Amino acid sequence: MARAQSVEIAGHQFPRKTDALAFLKVMLNRYRPGDTVGAEDGVFLLEALKRHPEAIVKIGSGVRGFEVRTADYGTQCFWILRVDGSDERFSYKSCRREDVQQTRKFVLSNPKLAAKLHNPLVIHCPPVFFGNRRQ
């Protein structure tokens with residue numbers, strides 16, 4: 001039987017990855033579709049997003065904030081609001097990997113994306129903005 005792995009995200013320590021996912025689920029359900037995610041939750045979401053296997057693509061030009069919108073089958077999900085005005089939905093359930101091996105593989109398997117980044121083995125995260133304040 002596999003031993004539970006503790007995980008730390010944005011200063012929060014979770015005994016197991018499933019506890020971190022449960023925390024994110026509770027956060028998602030605090031908001032209604034159309035709500036902007038609060039600054040404190042946004043900081044946590046950004047750290048969780050860095051664990052996503054497609055983090056570089058999801059982050060894109062930088063994260064301005066997060067919003068909750070409706071998703072498939074009557075559910076809701078988090079959306080990334082980028083600095084350039086674009087947006088992208090993401091599944092918090094995919095944000096559980098601690099190592100960046102999946103992200104590295106993804107970047108290296110996409111030559112156009114790898115060419116855009118001066119070091120494709122590092123996750124680049126531009127400054128984060130929530131509202132008018134710089135975080």
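The structure presented is a predicted model; accordingly, all values stated were derived computationally and were not measured.
- Taking Q76 as the reference, nothing meets the side chain to side chain donor-acceptor pair (under 3.5 Å) condition, with sequence neighbours excluded.
- Note on residues 18-36: pairs passing salt bridge (charged side-chain N to carboxylate O under 4.0 Å, His left out), not counting sequence neighbours, are R16-D19, R30-D41.
- Between F44 and M27 the shortest side-chain heavy-atom distance falls below 4.5 Å.
- With hydrogens and angles disregarded, a donor-acceptor distance shorter than 3.5 Å links the side chain of Y31 to the backbone of G38.
- The line from CH2 of W79 to OG1 of T36 is 14.0 Å long, rounded to the nearest 0.5 Å.
- Between H12 and F23, the two ring planes are tilted [angle within 30° to 60°].
- Residues I80 and I59 form no side-chain contact, since every pair of their non-hydrogen atoms from C-beta on lies 4.5 Å or further apart.
- A pairwise comparison of heavy atoms in A71 and C77 identifies CB-SG, 3.8 Å as the closest pair.
- Of the possible donor and acceptor atoms, one in the side chain of E8 sits under 3.5 Å from a partner among the backbone N and O of G11.
- Proximity of R69 to D87: side-chain heavy atoms (C-beta onward) are separated by under 4.5 Å at one or more points.
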TODO: Take V7 and Q13 through the test side-chain contact (heavy atoms from CB on, under 4.5 Å) and record every step on the way to the result.
DONE: CA-CA 6 Å; V7 64; Q13 191 68 35; 6.0 Å; no

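- For S86, the side chain to side chain donor-acceptor pair (under 3.5 Å) partners two or more places apart in sequence, or in a different chain, are R82, D84.
- Using a 4.5 Å heavy-atom cutoff, the side chains of L45 and V37 are in contact.
- Between E88 and V63 the shortest side-chain heavy-atom distance does not fall below 4.5 Å.
- Closest approach of S91 and H52 over heavy atoms only: O-CD2, 3.9 Å.
- Side chains of L24 and K93 form no contact here, defined as non-hydrogen atoms less than 4.5 Å apart.
- Under the 4.5 Å side-chain heavy-atom criterion for ILVMFWY residues, a single connected hydrophobic cluster contains both F90 and I9.
- Under a hydrophobic clustering in which Ile, Leu, Val, Met, Phe, Trp and Tyr are joined whenever their side-chain heavy atoms come within less than 4.5 Å, directly or via other members, L28 and L21 fall into the same cluster.
- Here the straight-line distance linking atom OG1 of T70 with atom CZ of R89 works out to 9.0 Å at 0.5 Å rounding.
- Looking at heavy atoms from C-beta onward, F66 lies out of side-chain contact with L81 at the 4.5 angstrom threshold.
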